[in-house]
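Below is one structure, written out as structure tokens; the observations come after it.
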Amino acid sequence: MNDIKSLIKLYKEKYKKNLLIGYSGIDGSGKSTQIDMLNEWFHNNEIESHIEKTVLTKTKSCFRLSEKLFNDPNAYDPGIPANLREFAISCDVLDTYKNIVKPKLDDGYVVLLDRNILCYKVYAKCFNGLTKWAEYNYSLIDEPDIIIYVDISIETSNKRLRQRVEVPIKTDENPLFLSKVKDLYLKEIELKNSDKYIIVDGEKSSIKVHEDIKGKIINFLMNIVS
Ligand SMILES: Nc1ncnc2c1ncn2[C@@H]1O[C@H](COP(=O)(O)OP(=O)(O)O)[C@@H](O)[C@H]1O
Ligand SMILES: Cc1cn([C@H]2C[C@H](O)[C@@H](COP(=O)(O)OP(=O)(O)O)O2)c(=O)[nH]c1=O
């Protein structure tokens with residue numbers, strides 16, 4: 001049995017929970033594009049799925065403060081201490097998990113998360129702001145069962161962000177920082193050494209990336225449900 005509907009059913013039966021898939025990757029890697037495509041594939045296969053992304057509600061105060069102090073909501077680093085910002089983010093992430101993600105999983109949905117604990121920890125480490133308090137909040141959240149990392153070069157990220165018409169490039173989307181984030185993503189994934197981390201080449205066309213993701217999810221599920 002290698003159709004996605006049967007695999008997800010077997011997964012639920014074996015692990016007594018629903019599948020949580022988290023996406024990672026630097027800005028412009030194609031996370032939201034790929035999440036939409038996977039969501040559509042699930043719907044076409046009669047699988048109930050839900051897309052979620054943590055809205056940084058509490059963290060907004062940091063962006064507002066940055067606007068007030070530095071005339072730019074995204075110029076918060078290093079003026080506003082990273083450990084404070086990252087703690088605020090961890091509170092927002094925990095809230096979204098407890099109030100939305102977990103209830104959706106319990107209601108029988110497959111949940112597709114735009115960003116996940118891996119992303120937040122990587123960013124916090126790159127900003128040098130991961131405290132034991134933020135880690136404590138993250139320890140209260142279940143890790144996704146599958147983590148997709150969409151890999152692109154800094155040049156491609158920069159090119160795509162510049163093409164984005166709705167939002168002009170933000171201060172915190174600078175190549176130097178993104179390069180640090182990309183390196184740490186790859187290092188952390190290598191250290192985890194687990195099949196649940198799926199790396200895809202985001203330089204390919206969206207359709208090809210989608211095909212890769214589908215194939216790798218099916219392979220992963222076939223291995224763990226058999
Ligand atoms: N594989 C791809 N090839 C070319 N452009 C892409 C690809 N995937 C996404 N894009 C474009 O790049 C931009 C960023 O994609 P998006 O999915 O919003 O990335 P993210 O959510 O990771 O920031 C969008 O304009 C999107 O249309
Ligand atoms: C993920 C993450 C983002 N940030 C910053 C980067 C962005 O300025 C801001 C919003 O992050 P992001 O989730 O990338 O939102 P969007 O996709 O709408 O750009 O928060 C952190 O400071 N730490 C983090 O762990």
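As the structure is a computational prediction, the values presented were derived from the model and not from experiment. Every number for a ligand or one of its atoms is a count from 1 in the order of the listing.
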Check: every ligand 2 N/O to protein N/O pair under 3.5 Å:
residue  : atom   : partner : partner atom : Å
ligand 2 : 8 (O)  : Y76     : OH           : 3.0
ligand 2 : 8 (O)  : D172    : OD2          : 1.9
ligand 2 : 13 (O) : R115    : NE           : 2.9
ligand 2 : 14 (O) : R115    : NE           : 3.3
ligand 2 : 14 (O) : R115    : NH2          : 2.8
ligand 2 : 17 (O) : K53     : NZ           : 2.5
ligand 2 : 19 (O) : K170    : NZ           : 3.0
ligand 2 : 22 (O) : E86     : OE2          : 3.3
ligand 2 : 23 (N) : E86     : OE2          : 3.1

Ring-face cation of K104 near Y109 (centre distance under 6.0 Å, axis angle within 45°)
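Yes, K104 and Y109 form such a contact.
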Compute both the distance and the angle, then confirm whether R85 meets the cation-pi test with F127: under 6.0 Å from the six-membered ring centre, within 45 degrees of the axis.
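Yes, cation above the ring, under 6.0 Å and within 45°.
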Just checking, any donor-acceptor pair under 3.5 angstrom between side chains of S157 and D27?
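Distance-only check fails for S157 and D27.
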For A75, what residues pass the side-chain contact (heavy atoms from CB on, under 4.5 Å) criterion, not counting sequence neighbours?
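By the side-chain contact (heavy atoms from CB on, under 4.5 Å) rule, A75 matches S66, F70, D72, T171.
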So, using side-chain contact (heavy atoms from CB on, under 4.5 Å) as the criterion, who are the partners of E190 when residues are at least two apart?
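Result, side-chain contact (heavy atoms from CB on, under 4.5 Å) vs E190: none returned.
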When you look at NZ of K208, are more than 12 heavy atoms from neighbouring residues, nucleotides or ligands closer to it than 6.0 Å?
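For K208, atom NZ is not crowded (no more than 12 foreign heavy atoms under 6.0 Å).
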Does the gap between the ring centers of F63 and Y76 come in under 6.0 Å?
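That pair passes the under 6.0 Å test.
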Neighbour list for ligand 1 [protein residues, heavy atom under 4.0 Å]
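Lining ligand 1: I26, D27, G28, S29, G30, K31, S32, T33, R160, G202, K204, S205, S206.
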Closer than 3.5 angstrom, by distance alone: can the side chain of N83 be matched with the main-chain N or O of T131 as a donor-acceptor pair?
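The answer is no, because no donor-acceptor pair under 3.5 Å joins these two groups.
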D201 side chain vs E203 backbone, donor-acceptor pair below 3.5 Å
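Yes, D201 side chain to E203 backbone: donor-acceptor pair under 3.5 Å.
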